[in-house]
Amino acid sequence: MNEIIIKCPATVANLVCGFDVLGMALEEPYDIMEVSLLDEPVIRITSKDGFPLPSDPALNTAGAPLLAMQEELGRPVGFGLVIHKKIKPGSGVGSSAASAAGAVVAANHLLGNIFSKEDMVRFAMFGEKVASGVKHADNIAPCIYGGITLIRSIFPLDIISIPAPLLHVTVVHPQIEVRTSDARQILRKEVLLKDAIRQWGNIAGLVAGFMKNDYELIGRSLEDVIIEPVRSMLIPGFDQVKSQCKEAGALGGGISGSGPSIFMLSKDRHTAAAVEQVMKTIYDQIGLDYHTYVTTINHEGVKILSPHALL
Ligand code: HSE
């Protein structure tokens with residue numbers, strides 16, 4: 001087999017309080033990629049759906065991880081990629097990670113699964129470096145592992161899958177683009193000790209809440225006193241969305257990754273749908289185009305579909 005089709009899930013990084021250390025994979029949206037093994041050491045990238053993705057592999061979020069993989073392989077193999085991008089770049093739900101993680105999982109599959117999941121995260125982080133200027137794994141790890149992941153450390157990599165109860169996720173993507181590099185640039189470089197204490201209390205509370213199936217603890221731990229106060233200024237209607245979604249029954253939520261998408265967690269589908277309605281009403285009033293998803297956690301990560309799967 002030298003050609004496969006894969007499905008690469010969107011992801012929510014940070015999970016509000018866990019900047020760069022927590023992330024979760026979503027059932028929707030997702031990208032589709034066709035990946036083939038070539039016997040010459042090149043990387044050919046074609047983008048479908050009209051997003052202007054760079055074709056130079058070194059500048060492409062899917063290409064850079066494959067260059068790193070090629071270098072470690074030390075033999076002349078190449079890859080052809082056709083990317084059907086459904087996760088909009090700059091939306092905050094892990095568009096670059098889906099390309100990077102998908103490319104390495106597919107390439108590894110075509111090579112006979114010679115690399116571990118951790119190796120694949122290590123390669124895929126080169127894609128995040130292209131996209132945001134720094135390596136981080138809070139989209140890549142859940143995209144590859146599925147579910148919710150804690151990235152305790154990236155140098156060396158230490159990734160822990162966190163079990164969680166059934167959660168419904170509502171996402172609104174106001175149709176503006178926030179570049180992760182810009183959203184990182186505006187952050188303060190130092191934090192007050194009192195804020196750090198509150199933040200690590202929340203991270204520990206959130207992880208404990210997931211593992212104990214304690215919805216109330218999950219809800220009260222979804223608080224970010226460090227990043228959100230700065231970044232939320234980039235997102236029209238943010239405070240309104242957050243407070244009204246909670247009034248509609250959401251456990252809590254906040255900025256998805258570096259934004260502008262906002263996500264909310266709910267215990268049941270009915271509440272998640274009510275939360276979607278609140279988001280729609282707010283953005284209709286503001287007069288800003290948006291896209292919403294009502295979805296759940298994806299537990300498989302990047303999935304190899306049949307080579308003949310219909311696109
Ligand atoms: N942790 C990263 C950030 C995720 O918030 O900048 C980017 O998707």
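Just follow the structure's listing: the first ligand is 1, and inside any ligand the first atom is 1. Please read all numbers here as calculations on a predicted model, not as lab measurements. We're numbering straight along the sequence, starting at 1.
- The shortest N/O to N/O separation between Thr180 and ligand 1 does not fall below 3.5 Å.
- The contact set between ligand 1 and Asn14, taken as ligand atoms under 4.0 Å from a residue heavy atom, comprises 1 (N), 2 (C), 3 (C), 5 (O).
- Of the charged side-chain nitrogens involved, none lies within less than 4.0 Å of a carboxylate oxygen, so that Glu300 and Lys7 do not count as a salt-bridged pair.
- Applying the side chain to side chain contact (heavy atoms under 4.5 Å, CB included) rule to Asp39 yields no partners; only residues at least two apart in sequence or on another chain are considered.
- The pair Arg44-Glu40 counts as a salt bridge, with a side-chain nitrogen and a carboxylate oxygen less than 4.0 angstrom apart.
- Ligand 1 has at least one atom lying under 4.0 Å from a heavy atom of Arg231.
- Ring orientation note: the planes of Phe115 and Phe123 are nearly perpendicular, at an angle over 60° on the 30°/60° scale.
- Between Asn139 and ligand 1, at least one N/O pair is under 3.5 Å apart.
- The atoms of ligand 1 that sit less than 4.0 Å from any heavy atom of Ala13 are 4 (C).
- The ligand atoms of ligand 1 that sit less than 4.0 angstrom from a heavy atom of Phe19 are 3 (C), 5 (O), 6 (O).
- Salt-bridge formation is not detected for the pair Lys242/Asp239: no Lys NZ or Arg NE/NH1/NH2 atom is positioned less than 4.0 Å from an Asp or Glu carboxylate oxygen.
- The distance from ligand 1 to the heavy atoms of Asp20 drops below 4.0 Å at these ligand atoms: 1 (N), 2 (C), 3 (C).
- Scanning for salt bridge (Lys or Arg N to Asp or Glu O under 4.0 Å) contacts around Asp195 gives an empty result, with sequence neighbours left out.
- The atoms of ligand 1 that sit less than 4.0 Å from any heavy atom of Arg184 are 1 (N), 2 (C), 3 (C), 6 (O).
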